Structure formats: C-alpha cells, structure tokens
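Working notes for the structure below.
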Amino acid sequence: MTRHVLLVARAVTHTAGHDTVRRLAADLRAALGAPVSACFLDGAAPSLHDALDTAVTDGAGEVLLVPTHLPPDRYLDTWIRRAHAHWAARQDDPPPVSVTAPLAVQPALVTALAEAIAGTHQPLAGAPGPFRSAAWSTVPRHRHHVLVCRGPRCTAYGAHEVTDTLTRRLAVHRLGDDDVLVTATGCLFPCNLGPLVVVHPDDTWYPHVDADLATRIADDHLRRGQPVDGRRPRSST
Ligand code: FES
C-alpha cells in the first residue's frame, strides 16, 4: 500500500515561503524515496483538498498529513481536521488519512537548531535606510480595491484559480496597482459564499466566484466600471 505524505503549510506572506515548503517536500521525497508533496491550508496552491484529490488519483493507499509551520499554529492544527473532514465527506471510498504531531514540537528541531548555532555565521552589516523609505508614506491612489479571500474555506473552494484569473485579466487590460489594488485576505466571514471577491469602494460582494465570473469582474467592473449583472453595493440591497 503506497503512503503519500503531504506537508500542509499555511499562507506565508511571500511566494518564496511557498517555494521553501515545496523545496522541503522535494528534498524529503528524494531522502525517503516515497511520494511527498506540499500543500496549503490557505493563501496558496495547491489546497489541501486538491492535494488529497491528487494523492487519490496517484493511487495512495493511505495519506499522512504533516502540519508544517513554525512557530506552532493552533489554527493550522484545527483546520487540517476540518478541511479533511469536508473533503472525506465528498469521497466514495477515501483512503485512511492520519496526521503527525506539528513540526514545531518535533524533537529533531532542537538538533537542527543546535547544528545551526554550531555552524557558520554571517556578520550583519546592512544600512538602515530601506527600513523606512519615503515611498512607504504614500497612500496608493488606486480606483478600485479588490479583496480576494484566501481563507481556508475559500482556498478549498478554488480561490487560487480566481486570483490567477483576476491577475491575468488585469494584466491584459494593463491595469496596475495604481488602478486596481488586489489584496489577498484571510477569512471575510461568509465562508459558505466562497470563493469570495469584494470590490471597493463600491462595496460589491461577489459570491461563488469561478474563473468565468473572475474574468467578468475584471472586464466589466474593474475595466469598464460596470458591476457584473448590474449588482448593487451590499449596503443598498
Ligand atoms: S474563508 Fe473566505 S469568507 Fe471565510
């Protein structure tokens, strides 16, 4: 029976953080000679749901989830269980899925830190200028501010494809941050409506956004200023 290992991480603020988790999975795959891949509870792709689907497609007889986050993150530990339960309820014959203790409490972490302390060190000699650049005092003058929820439920429902599509369409229309500022957010609360996109200052909430609706939001609302299907601000409905 093939066991697939999934390193489950949380949103990290920079794609380099996502790449680090993916690299860690690749190194583990080489070290163990077994299927290991990375996935994300929120904020990045693939989602835990998608990674479980892939493991099943690849013939996993069982799946082991490893909460991969430092420092300890109770949110991740709780939501791995919820996301798995939601995924399993939709499968005909899901493989057994178990979960390890979080990375942050693994005894080997002490060994790794001790090795880092005993290893080579680089002296720090940077200038403080970039810490407070004048550029960080300017409030952006964008026309629209778009919030794309990347919370755990919206991530499971497909927020990554929504973000990708929006970003691509805005690039096609040559709309940059000065025109449309797109911000990925944590949970915005009405999770059952996810994937969720909110356009301000119009206060227009788009529920159940897929690639098609994301394209229309970019083309109609953000480019032409016409909310899709004549939607009105939430406050006036
Ligand atoms: S996860 Fe998107 S609204 Fe809660």
Side-chain angles (χ1 to χ4, degrees), residues 6-15 17-18 21 38-54 65-69 71-91 94 97 99 102 142 144-170 180-218 220-222 227-229 231-237:
L6 299 180
L7 306 186
V8 191
R10 283 208 59 204
V12 278
T13 53
H14 193 274
T15 51
H18 307 158
V21 181
C39 62
F40 298 87
L41 178 76
D42 53 9
S47 66
L48 175 55
H49 281 56
D50 286 345
L52 285 166
D53 284 342
T54 302
L65 307 181
V66 185
T68 306
H69 197 80
D73 186 342
R74 285 180 59 84
Y75 189 94
L76 177 63
D77 296 340
T78 302
W79 275 88
I80 279 180
R81 288 164 172 76
R82 291 179 182 169
H84 164 257
H86 180 264
W87 174 83
R90 282 158 177 70
Q91 310 301 311
V97 177
V99 63
H142 49 273
H144 286 107
H145 192 181
V146 179
L147 308 181
V148 182
C149 181
R150 300 302 310 265
R153 289 190 177 103
C154 286
T155 294
Y157 300 151
H160 186 70
E161 188 186 20
V162 170
T163 309
D164 264 6
T165 305
L166 262 181
T167 307
R168 268 202 311 274
R169 290 306 292 178
L170 291 175
V180 178
L181 183 64
V182 178
T183 305
T185 74
C187 177
L188 294 170
F189 290 104
C191 310
N192 293 344
L193 305 182
L196 198 60
V197 169
V198 186
V199 178
H200 286 306
D202 306 339
D203 191 25
T204 304
W205 290 57
Y206 290 101
H208 308 304
V209 181
D210 56 13
D212 180 54
L213 181 51
T215 301
R216 292 163 68 208
I217 292 170
D220 296 355
H221 198 157
L222 302 174
V228 176
D229 296 335
R231 279 169 217 241
R232 299 188 312 168
R234 180 182 53 101
S235 46
S236 70
T237 56

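Count residues from 1 along the sequence. Remember, it's 1-based here, ligands and their atoms both numbered in the order they're listed. Everything numeric in this text was worked out from a predicted model, so none of it was measured.
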Review point. Where does the angle between the aromatic ring planes of His86 and His49 fall among parallel (under 30°), tilted (30 to 60°) and perpendicular (over 60°)?
Key: tilted
Revision key, fill the gap. Near atom 2 (Fe) of ligand 1 (protein N/O/S, cut-off 2.8 Å, waters excluded) we have Cys149 SG, Cys154 SG
**Study point:** Smallest separation among heavy atoms of Phe40 and Thr155, with atom names
**Key:** O-CG2, 4.2 Å
Point to revise | Non-hydrogen atoms of Ala45 and Arg150 that approach each other most closely | key: N-NH2, 4.4 Å
Practice item. Measure across Gly43 and His18 and return the closest heavy-atom pair with its distance rounded to 0.1 Å. Key: O-CE1, 4.0 Å
Practice item. Count the heavy atoms belonging to other residues, nucleotides or ligands that lie under 6.0 Å from CZ of Arg81, then report whether that count exceeds 12. Key: no
Practice item. Apply ring-ring contact (aromatic ring centres under 6.0 Å, His included) to His145 and list each qualifying residue two or more places apart in sequence or on a separate chain. Key: His142
